[in-house]
Structures are given as C-alpha cells and as structure tokens.
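A, B, ... follow the sequence lines: proteins, then strands. Residue 1 opens every chain.
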Amino acid sequence: MSGSSSVKARKIVAILSGLFGEIPWWLGNADEVMIGAILTQQTRWENVEQALLRLKNDNLATMTAIHAADPVKMEESVRCTGFYHIKTQRLKSLAAHVMDTYGAVERMVSVPTAKLRAGLLSVHGIGEETADSILCYGFSRTSFVVDAYTERIVRCAGIPGKKSGLKEMFEAVLPDDPFAYRQTHAHIVEYAKRFCAKKRCDECQIAILN
DNA sequence: GACCAGGTCCTTG
DNA sequence: CAAGGACATGGT
C-alpha cells in the first residue's frame, strides 16, 4: 500500500463528501437489499426497482418466499432487469443458502462479517461486489463495495496500476463506521456515473489529483 | 441500429 | 492470470 495511493484515496473520499454531502442511497431491509444486489448486476437501478415492486406485489420479496416460489412465476417479475433466467436461479441459490445455513434472515445479524461474507461468496452467482453490497447495505457492515465505477474513479485519480486491492485501499482509509462506507460508495457511483466516461476522463475534477 | 447498464462464471491463450 | 464471450431486457 504505497502512501501515494492512500493519500489520493483519502482525497477522493473527502472531495466527494464535500460535493454531495449526505445522500440517501440503497435503503431497504436485508431481504430487499439481497434481492436488489443480485438484480442490479450489470443492470440499471431503475429496472431493479420495477422488479422489486412486482415481487412485492406477489409477496415474493423475501428469502423465505423465494425459497418456496415457482421460478417461472419469479421470472415474470424479474424479466425487466435482463438476464432474468440466470438471476432467478441466483435468487433461488441465495435463498437456499440463507434458509439452509441460518434458518432465517434475522439470524444473520449476529454472524461475524467474515463468516457471513464467506458464506455469500460460496453461493453460485454471488461475487465480491454483490457480497459486499449485501454486507454493507443490508447488514450495515464495514465491508467496502468496489464496482466498475470505483475502478473508473481510481483511474481518473491516477492511482497507478491498481486493478485489485481497491477494497483494502479504501478500507484502510475509511473510519470504522458503516455509514461512512455506505456514503462513500454511493458518492463514488453518483460521481463516476456523471463525470467518468468509460474510457476517458473528461471534465472530471478528480483528475486534479494528478 | 449501436452502445451501455451499480457482475459473475466459464473457457482460452 | 488476462481477455473474451454468454447471459437479456430496457433506455439513450
């Protein structure tokens, strides 16, 4: 962890915090966050909200319900998020893991973060971003979420040769506070979505760090 | 019509 | 390990 990278990471956090202040982001109970985390894979959030509404209408917005649900029925609600077949499978797998391992979502709140994370990662279709999103926003854990936007903003900031280790880099810089973790990831997404083009970095103030 | 979206897994070189 | 393709609908 070179000092230079940490300094820039700190600056990113501070700049974005000043830019956005407190913003509401990804609110919802643990069940909804888990469902949303899978549905939002490679998909716009607005579409996920639609699917979530449909699932709620059918009383399918809980792990318990999904565990017992007809997959074909679920696909109707989830279709608008794309990859609907595979996502239905992933929701089923997650529900099975939760119910078989813990018996209920509420039981998960007393499980240590590392153990919770390992369990989530063992589910087929749940990778690091999805697992950390669930931990951070669903269970209020200090597990930093790294996504495509995080990689973009880091590139804009000129942090050298960082393809991996971003999670650790930000965690080393953030206070031990779940709220800070939630806000910082939210800030990064909102900023990068607007200013960090996929390939270039035009009009991006983060580039000032260079 | 082309391109992209708050990923993950599998297959190749 | 890095890179490329599959998974799929909906918006710009």
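Annotation for A:Ile86: hydrophobic cluster partners, listed by chain and number, are A:Phe83 (ILVMFWY side-chain heavy atoms under 4.5 Å, direct or chained).
Enclosure of atom NZ in A:Lys193 by more than 12 non-hydrogen atoms of other residues, nucleotides or ligands within 6.0 angstrom is indicated. No more than 12 heavy atoms of other residues, nucleotides or ligands shown are found within 6.0 angstrom of CG on A:Asp176.
Base engagement by A:Arg44 is indicated by at least one non-hydrogen atom pair under 4.0 Å involving a base atom. Within 4.0 Å (heavy atoms only), A:Glu128 reaches sugar-phosphate atoms of the nucleic acid but no base atom. Within 4.0 Å of A:Gln42, counting heavy atoms only, lies at least one base atom of the nucleic acid.
For the pair A:Tyr149 and A:Val123, both in contact range of DNA chain B, the more 5′-proximal nearest nucleotide belongs to A:Tyr149. Each of A:Arg152 and A:His124 lies near DNA chain B, and the nucleotide nearest A:Arg152 is the one positioned closer to the 5' end.
Distance CG (A:Asp132) to C1' (B:dG7): 13 Å, rounded to an integer number of Å. Rounded to an integer number of Å, the gap from CG of A:Leu91 to P of B:dT8 is 14 Å. For the pair A:Asn47 CG and C:dG11 P, the computed distance is 6 Å after rounding to whole Å. Between the CZ atom of A:Arg79 and the C1' atom of C:dA8 there is a distance of 10 Å, given to the nearest Å. Between the CD atom of A:Gln50 and the P atom of C:dA8 there is a distance of 20 Å, given to the nearest Å. Atom NE2 of A:His85 is separated from atom P of C:dC7 by 12 Å (rounded to the nearest Å). For A:Ile38 and B:dG7, the CD1 to P distance is 13 Å, given to the nearest whole Å. As a whole-Å value, the separation of A:Gln89 CD from C:dA6 C1' is 13 Å.
For the pair A:Thr130 and B:dT8, the criterion of a side-chain N or O lying under 4.0 Å from OP1 or OP2 is met.
No donor-acceptor pair under 3.5 Å is formed between the side chain of A:Arg141 and the backbone N or O of A:Leu135. Without hydrogens or angle criteria, A:Thr43 side chain to A:Gln41 main chain gives a donor-acceptor distance under 3.5 Å.
Of the candidates C:dA8, B:dA5, B:dT8, C:dA8 carries the atom nearest the A:Phe83 side chain, counting heavy atoms from C-beta on. In the set C:dA8, C:dT9, B:dT8, B:dT8 carries the atom at the smallest distance from any side-chain atom of A:Arg90.
Spacing of P atoms, C:dA8 relative to B:dC10, comes out at 15 Å, to the nearest Å. Straight-line distance between the P atoms of B:dC3 and C:dG4: roughly 16 Å, to the nearest whole Å.
Counting all heavy atoms, side chain and backbone alike, A:Met63 lies closest to A:Val105 at CG-CG2, 3.6 Å.
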Stepwise side-chain hydrogen bond (donor to acceptor under 3.5 Å, both in side chains) test for A:Thr62 and A:Asp31: CA-CA 5 Å; A:Thr62 66; A:Asp31 282 283; 5.0 Å; no
Evaluation steps, side chain to side chain contact (heavy atoms under 4.5 Å, CB included), between A:Phe139 and A:Val111: CA-CA 10 Å; A:Phe139 294 94; A:Val111 179; over 6 Å; no
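Consecutive Watson-Crick or G-U pairing (both distances under 3.5 Å) extending over three or more pairs maps onto DNA chain B as B:2-5 with C:9-12, B:7-13 with C:1-7.
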